[in-house]
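Below, chain A is the first sequence line, B the second, and so on; all start at residue 1.
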Amino acid sequence: MANTHQVSFKLNGKAVEVSVEPRELLIHTLREKLAHTGPHIGCETSHCGACTVDMDGMSVKSCTVLTVQCAGSELLTVEGLEQGGVLHALQQAFHEEHGLQCGYCTPGMITRAYRLLKENPNPTEQDIRYGIAGNLCRCTGYQNIVKAVQSAARKLASTPASA
Amino acid sequence: MIPAGFDYHAPNSVADAIKLLGDLGPDARLLAGGHSLLPMMKLRFAQPAHLIDLGRIAELRGIAQVGDAIHIGAMTTEHELLHSALLAEKLPLLVDGAGWIADPQVRYKGTIGGDISHGDPGNDHPALMLALDASFVLRGPKGERVLKADGYFLGLYSTQLEDGEILAQIRIPIPAAGSGWSYQKLKRKTGDFATAATAVLLQMSGGKVAKVNIALTNAGPTALKARAAEDSLLGKPIDEASLGEAARLAMGICEPTPDQRGDAEYKLAMTGEMTRRALQAAHARAKS
């Protein structure tokens, strides 16, 4: 049973290769083998969304994905959103609108909101609340998070090249 | 929480997956979206020696109209159902139902076939399939067989899917034009299973019920088709009296399990209420 697989994928645009047992979960590979600690371990039961990363154009909870399932995938974590020292519009908006308090859920929130805005660049408040329903925040009551996503959507709409 | 060790297999075709299932025997489990199986494995409720990942089999995906039916590959995700223009036009009940399942992240990975095959009475697709008169295409070493959803669900985690078989496709007849539909689901919070839920597909004619399918989620060991409630409505208008009788008859077949979502009495009452609401909503959408 001590079998290992060599798994190659792209992480924030860079090719990586890891050696994993089939039972290894993506969140552990990212944090422990690839030193990407943006995705957080929260509930470990697919409820809280703190471990959310983007996989082949989907938001996924990396505590419930096997790393072997990621062979050939393109993964994006919160670390991959900043470009050339400039924060992504969502990161900037979460800062400006204070869309966080303790910050534990923030990387998952931002990564999820990134995909939400890719699919729906002009969401209503209801769209946003439905779209981030898989990400729990125990501090903010969500109000400032929703405002941050709305603010980022406006900014991205006015500068489409920065998306 | 990390699963116990297992061997991982990722075949590229249904034929290869069936061969693997046969070779590896009962210690092998199929991996679809993984959002039911992997949590069970993390909790060590399941410890398969082999996982056969269906995620790389292209022939198991996709939504298409074939004649007067819709064919859906078993590995089609909830997200794909939710955003399908074809389904929005032809099978809006299925889109409505998919939107109530889990949360966005889980819907990107979770599949219609996995939801149906798992046999959890809390899953939503079994009742939706009963309401939509669906059939399931099962493929195994002896070939292919097609079974009706009605009768497919045998009990808790138990379906007619036999060892060595794979659910490959779901076939759903396109409802008659003017049919009304609704899935009413009460749940405590995002991501939870239903406290109670009811799926309804309804045809009216001259102000009276011409045909109706009613199916219940999480009201017993498996999804339930509320036949007596259906029969009670035929030939009648949808009004307070007929709704009350249908809800009462639907409640009569329930065997809810008390849990943190409520005691049996509460769940029973909520099943009746979801049935009433689903019938009202379907009626509002139906053309007479």
Of all of His79(B), His35(B), Lys109(B), which one pairs up most often with chain A through heavy atoms under 4.5 Å apart?
His35(B)

Less than 4.5 Å to any heavy atom of chain A: does that hold for the side chain of Leu51(B), its backbone, both, or neither?
side chain

Winner by heavy-atom pair count (cut-off under 4.5 Å) against chain A, out of Asp192(B), Thr77(B), Ile2(B)
Ile2(B)

If you count heavy-atom pairs under 4.5 Å between each of Thr45(A), Leu136(A), Leu66(A) and chain B, which one has the most?
Leu66(A)

Applying the side-chain contact (heavy atoms from CB on, under 4.5 Å) criterion to Met274(B), which one of Thr217(B), Leu186(B), Val200(B), Thr195(B) satisfies it?
Leu186(B)

Anything under 30° is parallel, anything over 60° is perpendicular, the rest tilted; go ahead and classify His88(A) against Tyr114(A).
perpendicular

So which residue, Ala71(A), Gly57(A), Gly49(A), ends up with the most heavy-atom pairs under 4.5 Å with chain B?
Ala71(A)

If one checks every heavy atom of Leu43(B) against chain A at 4.5 Å, the contacting part turns out to be neither

Of the backbone (N, CA, C, O) and the side chain (C-beta and beyond), which part of Cys43(A) lies under 4.5 Å from a heavy atom of chain B, both, or neither?
backbone

Electrostatic pair Asp103(B)-Lys61(A), nearest N-O below 4.0 angstrom
yes

To the nearest 0.5 angstrom, please state how far the CG atom of Leu132(B) sits from the CG atom of Leu93(B).
4.5 Å

What residue, out of Arg115(A), His47(A), Glu119(A), has the most heavy-atom pairs lying under 4.5 Å from chain B?
Glu119(A)

Salt bridge Arg107(B)-Glu80(B), side-chain N to carboxylate O under 4.0 Å:
no

Side-chain H-bond candidate by donor/acceptor type, Thr111(A) with Thr52(A), under 3.5 Å
no

Scored by heavy-atom pairs under 4.5 Å with chain A, the best of Gly99(B), Ala102(B), Ala10(B) is Gly99(B)

Which one of Lys189(B), His83(B), Met41(B), Arg56(B) has the most heavy-atom pairs closer than 4.5 Å to chain A?
Arg56(B)

Go through the steps for His50(B) and Phe6(B) under the test ring pair (Phe, Tyr, Trp, His ring centres under 6.0 Å), then give the verdict.
CA-CA 5 Å; His50(B) 300 272; Phe6(B) 57 86; 9.2 Å; no

